[in-house]
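Just follow the structure's listing: the first ligand is 1, and inside any ligand the first atom is 1.
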Amino acid sequence: MKLTLKPGREKSLLRRHPWVFASALNLSDEILRSAQDASGSTVDLLAPSGSFLARASYSPHSQIRARVWTFNDEPVDKEFFRKCIRAAISLRSKLQVEGQSDAFRLIHGESDGIPGFVVDRYKDVLVLQSTTAGSEFWKEIIADLLIEETGIQTIYERSDADVRELEGLKPITGILRGTLPDSQIPITEHNLKFNVDIAHGHKTGFYLDQRENRHRIGELSKDREVLNCFCYTGGFSIHALAHGAKSVISVDSSGDALKLLEENIALNNLPADRHTTLEGDVFELLRKFRDAARSFDLIILDPPKFAPTAAHAEKASRAYKDINLLAFKLLRPGGILATFSCSGGVDAALFQKIVASAALDAGVEATIIEHLSQGVDHPVSLHFPEGAYLKGLICVKSSQ
Ligand code: SAH
């Protein structure tokens with residue numbers, strides 16, 4: 001099938017952005033009818049002049065109607081995907097992430113040239129997430145290729161992200177290849193152990209994108225009283241305790257995550273008497289701590305995605321401001337705030353503005369000492385700025 005771009009709407013493809021919105025395409029009734037059965041199949045994208053622009057997958061139900069596989073006039077087949085997978089594996093080997101952890105992202109969707117596919121490696125198991133009609137179309141072939149190219153025998157599927165709904169796809173989870181005796185996999189990150197539940201945990205089981213930041217903030221935790229908000233299975237808490245934090249309070253609304261956190265403390269022989277687990281809502285807890293005049297030396301805020309897209313930015317900004325304002329109040333003079341946003345709809349500049357206005361309203365002076373982002377195994381294609389979703393700031397509250 002060939003689809004032609006409306007005049008002027010070919011510009012983003014010429015800049016090599018991989019998404020084509022339905023509004024940019026000339027979709028005649030005839031094309032729409034035949035495309036109904038073409039979910040995920042490969043289409044040619046043509047300029048209004050008729051010249052070839054790209055080869056893409058077709059998503060009949062999504063506003064993002066096509067996602068580019070290649071800007072070259074080449075076949076999209078098993079060997080094409082083998083090349084993409086080899087490039088992704090080769091990049092990871094150059095980044096030396098395997099020296100820091102036996103769990104890392106092997107394929108990061110658009111940024112690795114394979115839109116719709118995320119593949120994370122947890123030791124000898126791959127966890128695959130497919131989110132688009134195109135990735136669904138090629139899933140079995142990609143699974144075969146992953147086994148051929150990595151030598152790993154087990155692939156577990158976690159295609160249960162909400163975004164699949166926009167593509168008209170139902171959630172699918174379970175074993176895709178091989179066998180899995182236990183859904184909990186003990187991984188090592190910077191010499192610390194974590195039990196990851198790939199079947200029931202969030203995303204593919206672990207927030208791999210925070211690996212470097214957990215290590216960095218761990219280093220800053222020595223002798224400090226730490227409050228880790230939105231702690232999940234304890235990533236930042238374990239690193240903080242291992243680096244000699246005086247005490248750590250970990251807060252999350254998920255009881256299952258907190259259970260794993262406690263297992264992870266034991267797994268690393270860390271001093272449980274320096275740690276407190278609190279199950280509850282961070283927004284409420286920060287207020288309780290404020291009313292009780294509690295204070296901390298280091299506060300970590302790593303909330304879930306408040307703004308999946310720019311349309312949610314305003315509401316999300318209020319939520320980010322709320323928790324950052326309360327955190328600034330709870331910090332002792334000279335204390336450190338490590339604050340994150342993984343919202344695609346809030347970019348780094350807006351996030352910094354929100355944190356600045358939180359400090360202003362809290363009546364505190366603070367300086368940024370570090371800008372943080374996602375780990376190197378989550379690369380960002382220069383042509384796909386949306387790939388840069390995680391941003392973090394380490395701020396120091398003035399000691400005056
Ligand atoms: N920092 C973690 C990842 C945090 S993910 C790590 O390094 O592994 C965000 C977490 O926020 C999830 O565990 C989710 O259960 C929790 N959460 C979401 N809303 C919450 C709320 N209102 N109060 C407390 N926890 C919340």
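Ring pair Phe384/Trp19 is perpendicular by interplanar angle, where above 60° counts as perpendicular and below 30° as parallel.
Annotation: Phe206 places no N or O atom under 3.5 Å from an N or O atom of ligand 1; distance criterion only. Taking distance alone, with nitrogen or oxygen atoms compared against 3.5 Å, Asp302 approaches ligand 1 more closely than that limit. The distance criterion of under 3.5 Å between nitrogen or oxygen atoms is met by Asp252 with respect to ligand 1.
The shortest contact between atom 23 (N) of ligand 1 and any protein heavy atom is with Val282 N, 3.0 Å. Closest to atom 25 (N) of ligand 1 among all protein heavy atoms lies Ser253 N, 3.1 Å. Pro304 CG, 3.4 Å is the protein heavy atom nearest to atom 18 (C) of ligand 1. Among protein heavy atoms, atom 4 (C) of ligand 1 sits closest to Phe230 O, 3.2 Å.
More than 12 heavy atoms of other residues, nucleotides or ligands lie within 6.0 Å of CG in Asn72, so this atom counts as buried by the packing criterion. Atom CG of Asp273 has more than 12 heavy atoms from other residues, nucleotides or ligands within 6.0 Å.
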With side-chain contact (heavy atoms from CB on, under 4.5 Å) as the criterion, how do Tyr58 and Arg65 come out once you've worked through the C-alpha distance, each side chain's angles and the decisive distance to 0.1 Å?
CA-CA 6 Å; Tyr58 187 77; Arg65 194 55 58 94; 3.5 Å; yes
Apply side chain to side chain donor-acceptor pair (under 3.5 Å) to Ser23 and Arg9, showing your working.
CA-CA 9 Å; Ser23 60; Arg9 299 297 299 271; 3.2 Å; yes
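By the criterion of a heavy-atom distance under 4.0 Å, neither the backbone nor the side chain of Ala257 is placed next to ligand 1. Neither the backbone nor the side chain of Cys229 has any atom closer than 4.0 Å to an atom of ligand 1 (non-hydrogen atoms only). At a 4.0 Å heavy-atom cut-off, ligand 1 touches Tyr207 through the side chain alone.
The option with the heavy atom closest to atom 7 (O) of ligand 1, from among Gln210, His239, Arg214, is Arg214.
Checked against Asp297 for a salt bridge (charged side-chain N to carboxylate O under 4.0 Å, His left out), the options Arg224, Lys246, Arg332, Lys222 give a single hit: Arg332.
Heavy-atom contacts of Ser254 reach the following atoms of ligand 1: 15 (O) (cutoff under 4.0 Å). Within the listing of ligand 1, atoms 2 (C) sit less than 4.0 angstrom from a heavy atom of Cys231. Atoms of ligand 1 found under 4.0 Å from any heavy atom of Asp281 (numbered from 1 in listed order, with element): 21 (C), 22 (N), 23 (N). Near His202, meaning under 4.0 Å from any of its heavy atoms, are these atoms of ligand 1: 12 (C), 13 (O), 14 (C), 15 (O).
Residue-ligand proximity: Gly280 is placed with a non-hydrogen atom under 4.0 Å from ligand 1.
With salt bridges taken as basic N to acidic carboxylate O contacts below 4.0 Å, none links Asp252 and Lys259. A salt bridge links Glu149 with Arg86: the closest approach of a Lys/Arg side-chain nitrogen to an acidic carboxylate oxygen falls below 4.0 angstrom.
Counting only distance, with no hydrogens or angles, the side chain of Ser101 and the backbone of Thr188 share a donor-acceptor pair below 3.5 Å.
In summary, the side chains of His239 and Ser221 do not present any donor paired with an acceptor at a separation below 3.5 Å, with no hydrogens or angles considered.
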